[in-house]
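Taking it in order: structure first as structure tokens, then the write-up.
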Amino acid sequence: MTYTGPRLEDLQDLFGGTCAEILGDSLTYQAPGGSPLSIRGYVDFGDQMQDLETGKVIAQDILVEVPMVTVPTRPTSLSRVTIAAIPGLTFKPVNVERSDDGLHWRFQLSQVNG
């Protein structure tokens, strides 16, 4: 007997969006020329060393992962992101790439002034 039902690969798009909706962090994403969308993704706050003329300092590094089901077009530096956990700050995506499973956009955030 051969199984003919759905396979895990057939459901990955559904799982990606559903998992983010249940487990993800609240974000607002705005594509260039688009309206702000309240979405859920994964936010990882970390630290990295940053070189300054006077020496090295530790700077906050924010990595975001959003399902491609939610954000179908590749984010650009003209897109804007706000994070509910950090009210009042606006960011732009930098270093955008696909996740290893190919179902998410993964990018760092850089603060936008003004």
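The model shown is predicted, which means the values in this text are computed figures rather than measured ones.
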Next on the checklist: Are the side chains of Ser26 and Arg40 in contact, using a 4.5 Å heavy-atom criterion?
Outcome noted: yes
Checklist entry - Does any N or O in the side chain of Arg80 come within less than 3.5 Å of the main-chain N or O of Ser77, such that one atom is a donor and the other an acceptor? => result yes
Checklist entry - Taking all atoms of both residues into account, what is the closest heavy-atom pair of Pro87 and Ala84, and its distance? => result CD-O, 3.6 Å
Checklist entry - Under the side chain to side chain contact (heavy atoms under 4.5 Å, CB included) criterion, do Ile86 and Val43 qualify, and how do the steps go? => result CA-CA 11 Å; Ile86 310 176; Val43 180; over 6 Å; no
Checklist entry - Less than 4.5 Å apart, any side-chain heavy atom of Tyr29 and any of Val66? => result no
Checklist entry - Quick one: do Leu78 and Val94 end up in the same hydrophobic cluster if we chain Ile, Leu, Val, Met, Phe, Trp and Tyr together by side-chain heavy atoms under 4.5 Å apart? => result no
Checklist entry - Of Thr28, Val112, Leu27, which meets side chain to side chain contact (heavy atoms under 4.5 Å, CB included) against Thr82? => result Thr28
Checklist entry - Can you check whether Pro75's main-chain N or O pairs, donor with acceptor, with Trp105's side chain at less than 3.5 Å? => result no
Checklist entry - Closest heavy-atom contact between Glu65 and His104? => result CG-CB, 3.4 Å
Next on the checklist: side chain to side chain contact (heavy atoms under 4.5 Å, CB included), that's the test. Do Val96 and Thr76 meet it? Break it down for me.
Outcome noted: CA-CA 8 Å; Val96 179; Thr76 69; over 6 Å; no
Next on the checklist: Do Leu63 and Tyr42 land in one hydrophobic cluster if side-chain heavy atoms of ILVMFWY residues count as linked below 4.5 Å?
Outcome noted: no
Next on the checklist: So which atom in Arg106 and which in Ser99 form the shortest heavy-atom distance, rounded to 0.1 Å?
Outcome noted: NH2-CB, 3.5 Å
Item to check | Contact check, side chains of Phe107 and Asn95, non-hydrogen atoms, under 4.5 Å | outcome: no
Checklist outcome for this item: In terms of heavy-atom contacts, Gly102 and Met68 come closest through O-SD, 3.2 Å
Checklist entry - What distance do Lys92 atom NZ and Leu109 atom CG have between them, rounded to the nearest 0.5 Å? => result 11.0 Å
Item to check | Pairwise side-chain contact, Ile83 with Leu89, heavy-atom cut-off 4.5 Å (strictly under) | outcome: no
Next on the checklist: If you compare all heavy atoms of Ser79 against all heavy atoms of Pro93, which two are closest, and at what distance to 0.1 Å?
Outcome noted: O-CD, 3.4 Å
